[in-house]
Amino acid sequence: MTASMETISDKLLAWYDVHARSLPWRARPGSPLTDPYRVWLSEVMLQQTTVAAVKPYFAKFTERWPSVEALAQAPEEDVMAAWAGLGYYSRARNLVKCARAAARMGGFPETEVELVKLPGVGAYTAAAIAAIAFGQRAVVVDANVERVVSRLFAIAQPLPASRKTIREKAGAITPDDRAGDFAQAMMDLGAGICAARDPDCALCPLAADCQGYASADPARFPIKAAKKAKPVRQGTAYWIAQGGKVWLVRRADKGMLGGMRAFPDDGWRAGADGSGTAPLAGEGETLGIVRHSFTHFSLEMAVVKLDSDHSPGEQAGEWWPIDDLESAGLPTLFAKAASLAAAQD
DNA sequence: CACCCGTGGTT
DNA sequence: TAACCAAGGGT
């Protein structure tokens, strides 16, 4: 065995031993595995979400619900409210379902095949839990791994068509031992050095193995298909207040902001034609416009104050103290509307 | 495979 | 500032 036989995973793991990020959901140095509950919770929170955004939520959740059994017993409503602001709210509904399933099973299953059957656990998360929490060899492919592998092998085919090739290449460099550390090392490398823009190849432990680096323009990988334009929608939300309280509804489980508390609205279908329907008749005073950008459209939502002598519409809801709206767990769009209205009401 | 589903930070 | 990006999953 010569030094030139050192594999990519050897080099990466040696780098990780020195440069691993210290994160609240990671095992302390010296303890190889960590609590599957914390691994699962962090992985779900981290789906399409930055480490910085997750940290305070992870701390809040683990303090309030220290175990999967505790979370399994929590009312869904409480979990949804605690999740407010993190986004992708189907994750919160699936979190409760998954916790109850795992608690019923006496704990999380240890194999990818079983893990992927759980609600909110897809191919990535199943592999990550199997590798990180249970020490199994699993090929963990997230956006970081896609980027690192695309550069290492200078994959010319654009995403998402290149996913099959990327998975094969990732599998070829995944070690039998320390697959969990390897996965986290790939993610740390992708987050810090092999970053989406302006990669710092001078610090990269894999530069000598990188075909993208050899090509002199590693940053052009991964090549991606063009994205669709983001349309702008208009809509209206209604502020209906009386006696220091305001009317909140619970949104349908499916669709935008599913299952979250909110102000009644017109469905945001209304364009300039004003085709939306108010929850009750009467004169309305426009308090202002809230602008908010979602993944696939932007929204300009008028906030209209309605006469409080009328009773609210047919949609089920509850009167909520205006001076305690923070505890309602409103998603950001409606939190913006609340701060706009509360300042004037 | 294409589309839907949040949010906040960065350039 | 408009666009891009971040430890994806469900349908």
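Convention: sequence-line order gives letters A, B, ...; per-chain numbering from 1. All values reported here derive from a predicted model rather than from experimental measurement.
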Would you mind building the protein contact string for nucleotides 4-11 of chain C? One character per nucleotide, 5' to 3', B for base within reach (heavy atoms under 4.0 Å), S for sugar-phosphate only, - for untouched. BSBBBSS-
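- A centroid separation of 6.0 Å or more is found between the aromatic rings of A:H296 and A:F294.
- A:R91 places none of its side-chain heavy atoms less than 4.5 Å from the side chain of A:L95.
- Distance, A:M45 CE to B:dT7 P: 15 Å, rounded to whole Å.
- The interatomic distance linking A:Y89 (OH) with B:dC4 (C1') rounds to 16 Å, in whole Å.
- Under the 4.0 Å criterion applied to side-chain N and carboxylate O atoms, A:E77 and A:R261 are assigned as salt-bridge partners.
- The ring-ring contact (aromatic ring centres under 6.0 Å, His included) test applied to A:H19 returns A:W15, not counting sequence neighbours.
- At a threshold of 4.0 Å, the pair A:R250-A:E318 does not count as salt-bridged, since none of the basic side-chain nitrogens sits closer than that to a carboxylate oxygen.
- The nearest whole Å value for the distance from the CE atom in A:M256 to the P atom in B:dC4 is 11 Å.
- Within residues 169-178 of chain A, no residue has a heavy atom under 4.0 Å from DNA chain B.
- Cation-pi geometry between A:R151 and A:F221 is not met: the NZ or CZ atom fails to fall both under 6.0 Å from the ring centre and inside 45° of the normal.
- Remark: A:H292 is not in phosphate contact with B:dG6, judged by side-chain N or O atoms under 4.0 Å from OP1 or OP2.
- Between A:M80 atom CE and B:dG6 atom P the separation is 9 Å, expressed in whole Å.
- For the pair A:R64 and A:D78, the salt-bridge criterion is met [side-chain N within less than 4.0 Å of a carboxylate O].
- Rounded to a whole Å, the CG atom of A:L333 is 14 Å from the C1' atom of B:dC5.
- Separating the C1' atom of C:dT1 from that of C:dC5 is a span of 16 Å, rounded to the nearest Å.
- The residue A:L86 sits close to a base: some heavy atom pair falls under 4.0 Å.
- C:dT11 and B:dC1: their C1' atoms are spaced 12 Å apart (whole Å).
- The interatomic distance linking A:R91 (CZ) with B:dC5 (C1') rounds to 10 Å, in whole Å.
- Judged purely by distance below 3.5 Å, without hydrogens or angles, the side chains of A:T111 and A:Q136 never pair a donor atom with an acceptor atom.
- For A:P160, whose side chain is taken as the heavy atoms from C-beta onward, the closest listed nucleotide among B:dC5, B:dG6, B:dC1 is B:dC1.
- Ring centroids of A:W83 and A:F61 are separated by less than 6.0 Å, placing the two rings close together.
- Look at NE2 on A:H296: it is 12 Å from P on B:dT7, rounded to the nearest Å.
- What separates NZ of A:K55 from P of B:dG8 is a distance of 18 Å, to the nearest Å.
- For the P atoms, the distance linking B:dC3 with C:dA7 amounts to 24 Å, nearest Å.
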